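One structure is given below, encoded as structure tokens.
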2 protein chains.
Amino acid sequence: MKKIFGLLMSFTLLLSLVVPTASANPAENQDLAADKNIHVQIVLFDGFDLLDVTGPYEVFAAAEMYTGGKVTVELVSAEGKRVVPSGLNGPSLEAQAALDPKRSGIIVVPGASGKPAGHSDDSIPNILKQAKDTGLTRLMKQALNNKEVTVATVCGGSLLLAMDGLLKDRYAVTNSIGMPALATLGAKTVEARVVEDGPRLVSGGGVTSGLDVALYLVERELGPQIANAIERLFEYERRGTVWKAEGTTPMNFGSNAGDAPEKK
Amino acid sequence: MKKIFGLLMSFTLLLSLVVPTASANPAENQDLAADKNIHVQIVLFDGFDLLDVTGPYEVFAAAEMYTGGKVTVELVSAEGKRVVPSGLNGPSLEAQAALDPKRSGIIVVPGASGKPAGHSDDSIPNILKQAKDTGLTRLMKQALNNKEVTVATVCGGSLLLAMDGLLKDRYAVTNSIGMPALATLGAKTVEARVVEDGPRLVSGGGVTSGLDVALYLVERELGPQIANAIERLFEYERRGTVWKAEGTTPMNFGSNAGDAPEKK
């Protein structure tokens with residue numbers, strides 16, 4: 001990897017001698033991003049899904065490493081610093097601070113880990129409902145109204161917001177199991193691994209799509225080189241096209257009418 | 001998903017009426033696996049990589065859910081029950097018990113999270129060296145000698161074992177960054193996402209390959225249906241062929257001589 005970067009740097013040096021005004025100069029891009037600091041808050045609540053949290057956490061932590069600290073990431077909860085148990089009697093993680101909806105940056109909302117359906121205490125619908133009742137969605141409403149914040153959801157995280165009406169008429173995705181519920185809760189469901197409703201609301205599908213959500217945001221905020229370096233380190237390649245409500249829409253042949261977003 | 005299972009069950013029922021002796025009957029397979037209990041120990045050490053641990057953890061926890069408890073999984077450490085910090089100042093996880101190399105089942109050894117190279121305290125080589133010096137590799141040597149145990153490594157986990165000579169002449173893989181070091185430490189390196197040296201030693205490549213290692217072991221021990229259900233729940237598909245020292249070997253055209261395993 002060092003070798004590749006070495007080659008890139010030599011190439012850059014050569015370019016800067018030959019074409020001093022080249023706008024595709026990687027060194028220039030690096031300078032451009034130099035002023036940008038991005039703080040990421042990842043939300044914990046009782047019964048959260050471990051991988052929904054640790055996937056994005058590790059992507060942003062690697063971005064912190066590769067940018068020399070331009071990205072910072074912390075675990076937060078609605079209640080402040082506390083130890084929070086994950087779902088299915090899984091391991092706990094410690095929230096370091098209270099979720100601050102006024103702080104600019106990215107806020108990631110994970111889903112729950114539990115029985116995929118049913119009405120038991122350890123069912124995902126019940127865990128999400130309990131999380132909603134902690135005041136978390138009230139804070140997330142403030143975050144969604146803050147123009148300096150991008151809200152990102154993973155898996156059931158979009159269901160959690162939708163349960164309090166926060167995704168009404170917004171384009172979003174969740175785990176395929178939860179798509180009918182998400183639609184019932186008023187969101188415009190889109191079958192894609194990552195959906196960008198607008199620059200400030202990005203949702204991901206099932207569990208591992210949290211990696212894709214985080215890698216997409218790293219690319220969007222810091223450019224492709226950091227995202228690519230993380231992909232190589234993790235031996236993971238982001239999949240699929242990030243869906244956005246723009247460009248030419250495909251003709252609808254009626255085969256997937258239930259899932260196609262309504263015409264605007 | 002319920003619908004698919006419902007369809008499967010109806011199909012099974014139909015099959016059992018029409019072809020009562022069919023050996024491909026899913027219900028029969030389920031009965032076959034009914035006696036099998038699998039305990040998984042995932043090892044923590046100071047500076048472990050969070051995703052190397054949580055990826056396999058969540059796969060085995062989902063297997064526990066889908067089998068109604070035939071699989072059990074716990075976090076362990078060489079020292080016993082304690083809170084263990086992950087690398088790069090990341091979150092801690094609590095080991096619930098001491099690593100028991102005498103207990104049958106699967107033991108997963110993760111890699112470290114830190115600077116990919118260099119000699120600083122937070123470099124991956126230094127973190128692994130410190131983990132080796134805790135007595136962890138002594139316990140893992142006992143595990144490797146226990147015929148009832150499958151040892152699985154993720155990312156730098158194979159380097160950790162190799163540092164104490166435990167992978168001498170064994171087929172293994174690690175993160176692509178660590179492959180030259182793994183070869184220097186005496187392992188026969190193989191470029192594959194998952195490498196099975198034999199039934200009792202399975203290694204994975206970089207970070208996210210831990211998902212593939214765990215899904216492969218779930219399939220190997222419990223059959224494809226549990227592994228497939230987990231893949232759908234996580235929206236993740238295992239990639240690549242699990243490399244084993246069997247079958248026809250490809251002709252070597254000299255282009256990748258450095259990485260091809262030696263002829264036996």
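Computed over heavy atoms, backbone and side chain alike; hydrogens, waters and symmetry mates excluded. Computed from a predicted structure; not experimentally measured. The sequence lines fix the lettering, A, B, ..., with proteins before strands; numbering per chain opens at 1.
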Over 60° means perpendicular and under 30° means parallel, so tell me whether B/Y236 and A/Y236 are parallel, tilted or perpendicular.
parallel
Side-chain ion pair, A/E221 and A/K36, N-O less than 4.0 Å
yes
Please determine if A/D46 and A/R82 form a salt bridge, counting it only when a charged side-chain N lies under 4.0 Å from a carboxylate O.
yes
Heavy-atom proximity to chain A below 4.5 Å, by part of [X]:
X     : answer
B/E94 : neither
B/S86 : neither
B/L88 : side chain

Exactly one of B/L128, B/L161, B/L99 should register a side chain to side chain contact (heavy atoms under 4.5 Å, CB included) with B/L136. Which one does?
B/L99
For chain B, which candidate among A/Q96, A/E64, A/R239 shows the most heavy-atom pairs at distances under 4.5 Å?
A/R239
Looking only at B/L211, B/L75, B/L93, B/D49, most heavy-atom pairs under 4.5 Å shared with chain A are made by B/D49
Do you know which of B/S176, B/S92, B/A62 has the most heavy-atom pairs under 4.5 Å to chain A?
B/S176
Can you see whether B/S209 engages B/R238 through a side-chain donor-acceptor pair at a distance of less than 3.5 angstrom?
no
